[in-house]
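Throughout, a chain's letter reflects where its sequence line sits, starting with A, and its residues are numbered from 1.
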2 protein chains.
Amino acid sequence: MGHRIITISREFGSGGREVGKRLAEVLGVAYYDREIITAVAQRSGLAEEYIANVSERGITAYYPITFGHTFAYSSGIIDPQVEVMGEQNKLLKSLAEKGDCVIVGRCADVVLRDYKPFNLFVYADQASKVKRCLERQGPDEKLSENDLKRRMAKVDKDRSRYRALLTDSRWGERSAYHLCVNTTGWDMHALVDALAPVVSGWFAQQGK
Amino acid sequence: MGHRIITISREFGSGGREVGKRLAEVLGVAYYDREIITAVAQRSGLAEEYIANVSERGITAYYPITFGHTFAYSSGIIDPQVEVMGEQNKLLKSLAEKGDCVIVGRCADVVLRDYKPFNLFVYADQASKVKRCLERQGPDEKLSENDLKRRMAKVDKDRSRYRALLTDSRWGERSAYHLCVNTTGWDMHALVDALAPVVSGWFAQQGK
């Protein structure tokens, strides 16, 4: 239980993933994000894309069963989704046992609460989130600003719903986090260089 | 407009004032809190205690006129309260013009937005706020835990109402702040030592 676990929750487009990645580099610890999904997929034998969707959206009876893959069992639509969450949570715990790390998303702050993680919430104002997303669109993506705003709202809502399956504490509600940081206007390198000592300071005080 | 202005908003009992005071020390800048009230009182000729109350509670038609002092004019109950807010806001601006500083409370983040302050929100979980308040009670104060919880809720509600007079952005809503920090479990010295470089880093990036 003595490892330094940093969990990152984030508004879509705020750069939370970049903060997490850089923070892991600066602190010299492991970084987990979509890799988790891959690993879960390999364990459970479920399709990776399906799992990525479940872990972003949470369990829902409305989830289309025709997602493009057959499941190991077909006794109902909820079962494989519960399976995914269960596998993912087990995996998160095994990663936390393994060593110091940064974990982005997956409600790791809730799943790993017994490991006393440092929980960071990353957000930004809408204009800078839109700008960030537009800059990062691939050559095949041509989402308009309005499309992006809708997508943002939807992704954040899905995250919120996923969280609600695991805990009473609401997504984005400050009480669940040690620190909430607004990335608007920050150079990401400068921000993470400044944040890393806050995280280290916290763990040092906890004797980690 | 080039000064480094740090504003601190805080949940009652979270240690926001202490964070502000230490942050001012570490950064070597001026610190303003209740001193503002005193100065406003001296300017406007209104009673200091009355002003302290108005600035915490905001303007309200229900405010008791029998507060214990006569006013410069008696054309209605709202006038002196508007006067207080106006004087206080003017004073905040003159402090911001004067030099680098930390200002706790008084909605300085809103009043001074043109000065591009760094806005910090300080919070904590209820158990640690209660503990903090109990430890800091004077020998004449004997508030029970329940009394304290009620007082906490009331003070925070009053702050929220005061803010609503000045801006649409809600008190405690993360979007209004650059950083929201949970003091629960932190040694205040360690916390502020870790936070100061985040604030300096922000200003350095803004060329301040």
Side-chain angles (χ1 to χ4, degrees), chain A residues 7 9-11 13-14 16 19 22-23 26-27 109 113 116-129 152 156 169-208, chain B residues 7 9-11 13-14 16 19 22-23 26-27 109 113 116-129 152 156 169-208:
Chain A
T7 74
S9 310
R10 75 287 189 213
E11 288 179 356
S14 66
V19 167
R22 288 193 196 281
L23 196 55
V26 173
L27 296 174
D109 61 314
R113 63 191 140 209
K116 310 249 178 260
F118 184 92
N119 303 319
L120 183 64
F121 188 87
V122 180
Y123 63 103
D125 67 24
Q126 196 173 50
S128 72
K129 289 188 290 187
M152 257 176 212
D156 285 350
S169 81
R170 282 189 296 135
W171 180 83
E173 196 171 72
R174 62 178 178 264
S175 58
Y177 310 100
H178 292 81
L179 201 66
C180 307
V181 61
N182 189 339
T183 59
T184 309
W186 271 102
D187 167 81
M188 285 291 188
H189 279 92
L191 174 60
V192 174
D193 285 350
L195 285 182
V198 180
V199 179
S200 307
W202 170 260
F203 284 125
Q205 203 190 288
Q206 312 299 308
K208 285 187 184 180
Chain B
T7 74
S9 309
R10 75 289 187 211
E11 288 181 353
S14 66
V19 167
R22 288 193 195 281
L23 196 56
V26 173
L27 295 174
D109 61 313
R113 61 192 140 210
K116 310 247 177 263
F118 184 92
N119 303 319
L120 183 64
F121 188 86
V122 180
Y123 64 102
D125 67 25
Q126 197 173 50
S128 72
K129 290 188 289 188
M152 256 174 211
D156 285 350
S169 83
R170 281 188 298 136
W171 179 84
E173 196 173 73
R174 62 178 178 264
S175 57
Y177 310 100
H178 293 81
L179 201 66
C180 306
V181 61
N182 189 338
T183 60
T184 309
W186 270 103
D187 167 81
M188 284 292 188
H189 280 92
L191 174 60
V192 174
D193 286 349
L195 285 183
V198 181
V199 178
S200 308
W202 170 260
F203 284 124
Q205 205 190 287
Q206 312 298 309
K208 288 189 182 179

(request) Over all heavy atoms of both residues, which pair between B:Tyr123 and A:Arg174 is shortest? Give the atoms and the distance, please. (result) OH-O, 2.8 Å

(request) Examine whether an atom of B:Gln126 lies under 4.5 Å from a heavy atom of chain A, and if so say whether it belongs to the side chain, the backbone or both; otherwise answer neither. (result) neither

(message) Using heavy-atom distances under 4.5 Å, tell me whether B:Ser200 contacts chain A through its side chain, its backbone, both, or neither.
(response) neither

(request) Check whether A:Gln206 gets within reach of chain B through its side chain, its backbone, both or neither, counting any heavy atom under 4.5 Å. (result) side chain

(request) Please state whether the side chain, the backbone, both or neither of A:Asp187 comes within less than 4.5 Å of a heavy atom of chain B. (result) both

(request) Mind ranking B:Val181, B:Asp125, B:Asn182 by heavy-atom pairs under 4.5 Å with chain A and telling me who comes out on top? (result) B:Asn182

(request) Measure distances from A:Thr183 to the heavy atoms of chain B and classify the residue's part below 4.5 Å as side chain, backbone, both or neither. (result) neither

(message) Using a 4.5 angstrom heavy-atom cutoff, name the option from A:Gly185, A:Gly172, A:Gly201 with the most pairs to chain B.
(response) A:Gly185

(message) Give me the atom names and distance for the closest heavy-atom approach of B:Pro197 to A:Ala194.
(response) O-CB, 4.1 Å

(message) Can you tell me which portion of A:Tyr177 sits under 4.5 Å from chain B's heavy atoms? Options are side chain, backbone, both or neither.
(response) both

(message) Please check this pair: side chain of A:Gln205 against backbone of B:Leu191, looking for a donor-acceptor N/O pair closer than 3.5 Å.
(response) no

(request) Heavy atoms only, distances under 4.5 angstrom: which of B:Leu179, B:Val199, B:Leu195 has the most pairs with chain A? Name it, please. (result) B:Leu179

